[in-house]
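Reviewing the structure listed below.
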Amino acid sequence: MQRGNISVQTENIFPIIKKFLYSDQEIFLRELISNGVDATTKLQTLSRRGELNSDTGEVTIDIILDEEKNTLTIRDRGIGMTEEEVMKYLNQVAFSSAQEFIDKYKDDASIIGHFGLGFYSAFMVATKVEVDTLSWKEGSTAILWSCDGSPEYTLSEGSRKERGTDIILHIGDDSKEYLEKKRIEDLLEKYCKFLPIPIRFGKKDESKTEGEGEDAKTETIQVDHFINNTQPIWKKLPADLSDEDYRSFYRELYPMSYETPLFWIHLNIDFPFNLTGVLYFPHLGNNIEIQRNKIQLYSNQVYVTDNVKEIVPEFLTLLHGVIDSPDIPLNVSRSYLQADSNVKKITGYITRKVADKLAELFQSERDNYESKWNDLSIFVKYGMISDEKFYEKATTFALFKTLEGKYKTIEEYIDSVKTLQTDRHNKIILIYSNDKEAQYAQIQSAKNNGFDVLVMDQVIDAHFMQQLEYKQGTVTFVRVDSDTTDNLVQKEEKKESVLSEDQEKQIKEWFTANLSDPMSTLVTKALNPEDLPVQITRPEFMRRMKEMQMMQGMKMDGFPDAINVVVNTNHKIINEQILNQSDESARNETMKYLIQIAKLQAGMLTGAELNAFVNKSIENI
């Protein structure tokens with residue numbers, strides 16, 4: 001038996017690995033299996049080049065659990081290691097043989113092992129690690145390397161009879177969960193679902209039926225439990241795949257999802273970086289948060305993470321699917337990803353592909369695209385708010401929806417309303433509603449004045465409108481209830497009031513005295529006699545700022561819910577009945593009742609005030 005010390009800079013390397021190197025302890029299994037896949041991939045490369053004197057044979061990687069011995073074994077049938085290689089690769093921390101192999105076979109090797117310290121992640125869960133290995137090279141003997149987590153190791157004769165490597169983990173008392181079958185099965189499902197080499201985890205029960213009808217007999221048999229799909233669709237050519245293949249793969253990725261995706265994009269590029277994948281457009285509706293963390297990141301089919309916010313722009317995290325790239329650094333620390341040149345290129349490429357797909361659908365299948373807009377719109381709007389390059393492309397396929405259910409591009413819509421809806425400041429006013437039922441009266445009034453009304457009822461719309469106003473420069477959004485109809489599109493002309501200045505002052509004093517809400521502002525205004533005697537409007541700026549704060553989860557204390565109570569001085573109830581009412585008590589009752597009618601129409605009459613209003617209305621019948 002040979003003893004020695006592992007070549008490290010400090011004896012504290014293993015506590016550092018165990019406590020600080022990896023954010024998730026469970027990652028050890030991914031690292032060790034990936035090393036086994038790496039060794040098997042190397043073997044296949046040697047075979048393709050004719051350097052292997054025998055057939056590769058079975059290359060399945062076995063995961064073996066022994067609860068009695070407290071061991072977890074990862075067994076591969078790859079190239080194995082000679083004693084010299086064990087000394088070189090296992091005894092020099094942070095040295096990966098994969099890099100050396102890539103340099104030698106870079107033209108035809110698909111190597112996973114950019115893991116550096118990956119092997120030593122075993123010590124996060126094991127008090128002792130044994131490596132029993134036999135090299136593919138002729139004349140090699142089996143070698144057993146053993147280490148208890150200190151820099152000391154032992155080297156002796158191994159027991160393997162066939163080419164490959166066993167990594168045997170003696171699980172520590174504080175990591176007993178990794179001796180549970182269900183726990184290991186869940187980790188294999190998470191990290192190894194699409195590895196390119198078959199992964200087997202013991203046996204599983206399977207029902208087998210023979211015969212038909214009354215003669216049918218069903219029995220339970222045990223079969224090999226293979227974990228992974230070694231040929232996921234993102235590794236195939238789009239021309240070889242049907243729509244059902246894509247839908248089936250979506251169900252494989254998200255078995256608990258009951259909706260089919262709207263459509264998908266197949267990513268495939270090998271220069272100036274390598275990237276494959278499939279991105280799905282889900283049914284988003286009006287929800288942003290619930291859809292996040294649905295893109296899975298892989299490196300040569302090795303699962304890395306489902307938190308890809310450093311890899312793709314934030315708005316793209318609303319999509320589902322898979323991205324696979326060996327050019328994305330697989331380091332345990334990913335804080336520098338945003339500055340990585342390859343990551344920046346990948347981000348730009350994915351954004352462009354998504355924008356191109358949407359533009360293509362809009363141009364070639366506009367009716368179909370419009371039918372999906374309710375689900376697509378929140379994604380497109382989010383992209384236009386958060387990504388400059390996407391905004392530039394999206395202006396051609398982003399749509400406005402009118403109350404009549406018609407869809408127009410930004411340019412089409414602006415052209416259609418600018419004649420009637422350009423104000424005295426030469427701004428094109430885009431009038432919108434976020435609740436067509438609650439704002440029904442205001443909508444009808446706007447239509448009677450020849451105005452068009454948009455539907456803007458998504459949580460993101462306040463930010464989206466702000467962005468369009470900034471980018472377009474010539475447009476302003478106003479909600480249909482933000483002002484009286486005559487002032488939504490401000491013109492030079494003003495209506496004359498039938499009241500004198502003193503009479504208007506008197507009306508304003510009387511109504512102000514009857515306002516119960518301290519945030520209400522009383523405004524007298526000369527409107528059409530047919531308009532309501534009292535209306536409530538919500539100023540656009542303050543209300544929109546409040547909505548934007550709400551979406552960001554901020555407190556709304558700085559933006560009170562201010563309203564204007566507008567009295568129409570040209571309405572006969574105001575200029576005849578109230579003005580000429582000598583009974584002060586009756587006059588106040590009438591004014592309060594008119595204010596309550598306006599609040600009812602604005603959806604603001606609730607609780608005791610609503611109850612009193614109902615009782616008063618019954619009395620008046």
Side-chain angles (χ1 to χ4, degrees), residues 26-44 46-47 52 54-81 86 90 98 110-113 115 118-119 121-122 125-126 128-136 140 142-146 158-171 175 177-206 221-232 300-303:
E26 66 185 34
I27 214 78
F28 81 92
L29 192 59
R30 180 195 77 179
E31 301 288 276
L32 298 179
I33 294 176
S34 296
N35 286 347
V37 172
D38 179 22
T40 309
T41 305
K42 291 175 182 178
L43 183 77
Q44 292 172 333
L46 293 170
S47 179
L52 193 66
S54 60
D55 184 53
T56 57
E58 185 182 10
V59 293
T60 299
I61 294 174
D62 281 301
I63 312 302
I64 303 162
L65 200 59
D66 191 327
E67 294 181 53
E68 290 185 3
K69 294 182 179 179
N70 287 347
T71 61
L72 177 64
T73 300
I74 295 89
R75 172 175 294 161
D76 72 62
R77 295 166 173 83
I79 58 173
M81 288 181 284
V86 167
L90 294 191
S110 176
I111 305 299
I112 287 170
F115 294 85
F119 167 73
S121 65
V125 300
K128 179 181 177 182
V129 177
E130 295 176 305
V131 179
D132 193 356
T133 183
L134 177 61
S135 174
W136 66 281
S140 296
I143 300 296
L144 177 65
W145 178 93
S146 179
S159 60
R160 277 199 72 118
K161 305 300 181 186
E162 297 178 341
R163 172 205 72 226
T165 300
D166 281 9
I167 300 177
I168 305 151
L169 309 182
H170 295 262
I171 302 299
S175 301
E177 64 185 282
Y178 300 110
L179 292 173
E180 298 171 9
K181 182 178 179 181
K182 182 64 167 62
R183 178 70 166 127
I184 297 301
E185 194 170 25
D186 288 344
L187 291 180
L188 292 173
E189 177 73 15
K190 178 178 180 179
Y191 291 110
C192 306
K193 194 172 184 177
F194 300 110
L195 284 176
I197 304 299
I199 309 296
R200 181 168 51 203
F201 183 45
K203 301 282 187 178
K204 67 175 180 178
D205 291 338
E206 196 172 89
I221 60 173
Q222 285 215 317
V223 297
D224 286 340
H225 184 191
F226 284 99
I227 295 294
N228 53 325
N229 171 4
T230 60
Q231 285 293 316
N300 278 337
Q301 295 173 244
V302 180
Y303 175 85

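When reading the values below, keep in mind they use all heavy atoms of this one structure, side chains included, and skip hydrogens, waters and symmetry mates.
- Between Thr165 and Gly80, the closest heavy-atom pair is OG1-CA, 3.6 Å.
- In this structure, CD1 on Ile227 lies 8.0 Å from NZ on Lys204, to the nearest 0.5 angstrom.
- With contacts defined as side-chain heavy-atom distances shorter than 4.5 Å, the pair Arg75/Glu162 does not qualify.
- Checking side-chain atoms of Asn228 against main-chain N and O of Thr230 turns up no donor-acceptor pair under 3.5 Å.
- Checked by atom type and distance alone, the side chain of Ser34 pairs as donor or acceptor with a backbone atom of Arg30 at under 3.5 Å.
- To the nearest 0.5 Å, atoms CG (Leu52) and CG (Leu46) are separated by 6.5 Å.
- By the 4.5 Å heavy-atom criterion applied to side chains, Met81 and Val131 are counted as neighbours.
- Summarising the local packing, CD of Glu180 is surrounded by more than 12 heavy atoms from other residues, nucleotides or ligands at distances under 6.0 Å.
- A search for salt bridge (Lys or Arg N to Asp or Glu O under 4.0 Å) contacts involving Asp62 returns Arg77, Arg200, not counting sequence neighbours.
- The closest side-chain heavy-atom distance from Ile167 to Phe119 is below 4.5 Å.
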Item to check | Full working for side-chain contact (heavy atoms from CB on, under 4.5 Å) between Leu144 and Glu130 | outcome: CA-CA 7 Å; Leu144 177 65; Glu130 295 176 305; 4.0 Å; yes
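- Asp132 and Ser159 are linked by a side-chain donor-acceptor pair at a separation below 3.5 angstrom, with hydrogens and angles left out of the test.
- Distance alone, capped at 3.5 Å, places no donor-acceptor pair between the Ser47 side chain and the Leu43 backbone.
- Taking each heavy atom of Leu65 and Tyr178 in turn, the nearest pair found is CD1-O, 3.5 Å.
- To the nearest 0.5 Å, the span separating OG1 on Thr73 from CD1 on Ile168 amounts to 5.0 Å.
- Atom CD1 of Ile33 and atom CG of Leu188 lie 5.0 Å apart (nearest 0.5 Å).
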Indicate every side-chain donor-acceptor pair of residues 189-199 with a distance under 3.5 Å to a residue at least two apart or in another chain.
unit_1	atom_1	unit_2	atom_2	d
Lys190	NZ	Glu26	OE2	2.8
Tyr191	OH	Glu26	OE2	2.7
Lys193	NZ	Glu252	O	2.7

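- Atom CD1 of Ile79 is separated from atom CZ of Arg163 by 10.0 Å, given to the nearest 0.5 angstrom.
- Rounded to the nearest 0.5 Å, atoms CD1 (Ile64) and CD1 (Ile74) are 9.0 Å apart.
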Next on the checklist: Set out, in order, the CA-CA distance, both residues' side-chain angles and the distance that settles side-chain contact (heavy atoms from CB on, under 4.5 Å) for Val129 and His170, then state yes or no.
Outcome noted: CA-CA 6 Å; Val129 177; His170 295 262; over 6 Å; no
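- Under the side-chain contact (heavy atoms from CB on, under 4.5 Å) rule, Leu169 has a single partner from Leu32, Leu179, Leu29, which is Leu32.
- Glu177 is linked by a salt bridge (Lys or Arg N to Asp or Glu O under 4.0 Å) to Arg183, counting only residues two or more places apart in sequence or in another chain.
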